[in-house]
Amino acid sequence: KEKVEITKEQKALTKVIVEAYNRHQIPQDVAKKLLQDQYSVEENFLLLTEMATSQVQVIVEFTKSIPGFLSLDHEDQIALLKGSAVEAMFLRSAQVFSKKMPNGHNGILEERIRKSGISEEFITPMFNFYKSIIGLHMSLEEQALLTAITILTPDRPYVKDHQAVEKLQEPMLDVLRKVCVLQHPQEPQYFARLLGRLTELRTLTHYHAEMLTSWRMNDHKFTPLLCEIWDVQ
Ligand SMILES: N#Cc1ccccc1NC(=O)[C@H](C1CCCCC1)n1c(-c2ccc(Cl)cc2)nc2cc(F)c(F)cc21
């Protein structure tokens, strides 16, 4: 049985990523808001566009803290952010949903989201993804590293220098693999399952534009930033 050892550099890299991840949280807690009041479909849609807009800004700040990211070609930096913003939003939403809450609150939160205005056909795939994330019981390190790995995906559209992105993603994958072995010694396949969630995440983001335009109300207004990031309007 190979003894897994995290090197000094890998510990330092993890620390930087986790600190950046903690620093760049969503200002107000959307789950708390949703638990406090029942909102109309219009208010929920507005809340979603506000959350998503602030989430994009949060992800930009987080990404800038990833060692080496700012040395990438500038157009590639934009391509990576654009290509991962929706995945990062669903990953963040899943992590919010997976937080243990006082008894019954998770049920109320799920209910509020089901009734928020999302079209019926997207609710099942979305909650299937959220529940598969819950089932992993990810640590904070794993959540932060997985978010960084998602952003540093070399094969996003319009990325020119794949190699340079791979060179940043690989050390993250190496340390995530070791963290998974050390934190889930009973589950040798845990790392593979974790990466498998990224595939499921991509299928979910395939629907995201339709999820928004089919929100059960008329006249969907998006912020300019969201028009940039989402394929809407
Ligand atoms: N965006 C965003 C975002 C950014 C950071 C943190 C949470 C976010 N998610 C959100 O605000 C939305 C709210 C917005 C109001 C109406 C109900 C959904 N959301 C989504 C959800 C994101 C997208 C799309 Cl198309 C459908 C749903 N899945 C959630 C799961 C949770 F547990 C949770 F609390 C909130 C959640």
Side-chain angles (χ1 to χ4, degrees), residues 20-63 81-82 84-102 104-138 140 143-144 146-147 150-151 197 200-217 220-233:
Y21 185 75
N22 280 334
R23 216 175 24 251
H24 302 120
Q25 291 305 356
I26 292 289
Q28 78 279 10
D29 182 344
V30 62
K32 207 171 22 235
K33 263 188 152 167
L34 290 168
L35 287 164
Q36 254 154 11
D37 297 310
Q38 293 236 23
Y39 297 106
S40 69
V41 285
E42 289 76 10
E43 287 164 331
N44 276 318
F45 186 80
L46 188 65
L47 181 55
L48 170 60
T49 53
E50 283 163 5
M51 290 306 301
T53 301
S54 63
Q55 171 71 11
V56 171
Q57 289 147 355
V58 154
I59 280 295
V60 168
E61 289 316 307
F62 169 69
T63 307
L81 283 166
K82 227 171 123 59
S84 62
V86 174
E87 288 177 24
M89 174 188 75
F90 279 120
L91 199 48
R92 183 75 203 127
S93 298
Q95 286 155 359
V96 169
F97 191 72
S98 63
K99 275 206 187 85
K100 192 80 198 91
M101 273 180 244
H105 282 202
N106 286 81
I108 298 169
L109 181 61
E110 175 162 348
E111 202 44 41
R112 294 275 158 86
I113 295 165
R114 282 181 182 280
K115 292 192 165 43
S116 60
I118 306 173
S119 290
E120 203 51 42
E121 79 236 62
F122 301 119
I123 290 182
T124 308
M126 188 176 76
F127 278 109
N128 286 347
F129 175 67
Y130 290 171
K131 294 188 173 161
S132 71
I133 290 288
I134 292 176
L136 286 170
H137 303 104
M138 287 167 70
L140 184 66
Q143 288 182 35
L146 195 69
T147 304
T150 303
I151 294 162
R197 297 284 69 83
E200 197 180 343
L201 181 58
R202 284 206 183 181
T203 48
L204 186 66
T205 52
H206 179 71
Y207 304 123
H208 82 278
E210 233 189 302
M211 282 169 92
L212 296 150
T213 50
S214 67
W215 205 270
R216 292 202 314 277
M217 62 186 234
H220 306 91
K221 282 194 185 55
F222 301 98
T223 61
L225 178 60
L226 290 184
C227 292
E228 264 300 301
I229 290 282
W230 288 345
D231 331 329
V232 290
Q233 208 149 348

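Counting convention: from 1, in listed order, for ligands and their atoms alike.
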Enquirer: Go through E110 and K131 one step at a time and tell me if the salt bridge (Lys or Arg N to Asp or Glu O under 4.0 Å) criterion holds.
Expert: CA-CA 11 Å; E110 175 162 348; K131 294 188 173 161; 3.1 Å; yes

Enquirer: Please check if the side chain of H208 supplies one atom and the backbone of H206 the other of a donor-acceptor pair under 3.5 Å.
Expert: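 No; judged by distance alone, with no hydrogens or angles, the pair does not exist.
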
Enquirer: Under a 4.0 angstrom heavy-atom cut-off, which atoms of ligand 1 come close to R92?
Expert: 5 (C), 6 (C)

Enquirer: Can you sort out which atoms of ligand 1 are near S116, meaning under 4.0 Å from one of its heavy atoms?
Expert: 16 (C), 17 (C)

Enquirer: Which of the numbered atoms in ligand 1 are under 4.0 angstrom from any heavy atom belonging to F90?
Expert: 23 (C), 24 (C), 25 (Cl)

Enquirer: When you compare ligand 1 with N44, is there at least one nitrogen or oxygen pair between them that comes in under 3.5 angstrom?
Expert: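 N/O-N/O distance under 3.5 Å: no.
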
Enquirer: Could you tell me if any non-hydrogen atom of M89 lies under 4.0 Å from any atom of ligand 1?
Expert: yes

Enquirer: Where do T49 and L226 come nearest, in terms of heavy atoms and distance?
Expert: O-CD1, 3.6 Å

Enquirer: Does W230 reach the main-chain N or O of V86 with its side chain, forming a donor-acceptor pair under 3.5 Å?
Expert: no

Enquirer: Provide the number and element of each atom of ligand 1 under 4.0 Å from a heavy atom of M51.
Expert: 2 (C), 3 (C), 4 (C), 5 (C), 6 (C), 11 (O)

Enquirer: Which option wins on minimum heavy-atom distance to atom 31 (C) of ligand 1: T53, V56, I113?
Expert: I113

Enquirer: Would you indicate which of F97, Y130, W230, F122 comes nearest to atom 28 (N) of ligand 1 when only heavy atoms are counted?
Expert: Y130

Enquirer: Which ligand 1 atoms, with their elements, are less than 4.0 angstrom from a heavy-atom of M126?
Expert: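 By the 4.0 Å cutoff, the relevant atoms are 26 (C), 27 (C).
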
Enquirer: Under 4.0 Å from any heavy atom of I118, which atoms of ligand 1 are there?
Expert: 26 (C), 27 (C)

Enquirer: Between Y39 and ligand 1, which part of the residue brings a heavy atom under 4.0 Å of the ligand: side chain, backbone, both or neither?
Expert: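 Under 4.0 Å from ligand 1, Y39 contributes no heavy atoms.
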
Enquirer: Would you call R216 and E120 a salt bridge, using N to O less than 4.0 angstrom?
Expert: no

Enquirer: Which atom pair, heavy atoms only, marks the closest approach of F97 to N106?
Expert: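 Distance-wise, the nearest heavy atoms are O-ND2, 3.5 Å.
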
Enquirer: Would you please indicate yes or no on a ring centroid separation below 6.0 angstrom for F122 and F127?
Expert: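 Ring-ring flag for F127/F122: false, centres at least 6.0 Å apart.
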
Enquirer: Run the numbers for me: atoms of ligand 1, each under 4.0 Å from some heavy atom of L109, listed by number.
Expert: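 Per the distance check, 32 (F), 34 (F).
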
Enquirer: Do Y130 and F90 make the cut of ring centroids closer than 6.0 angstrom?
Expert: no

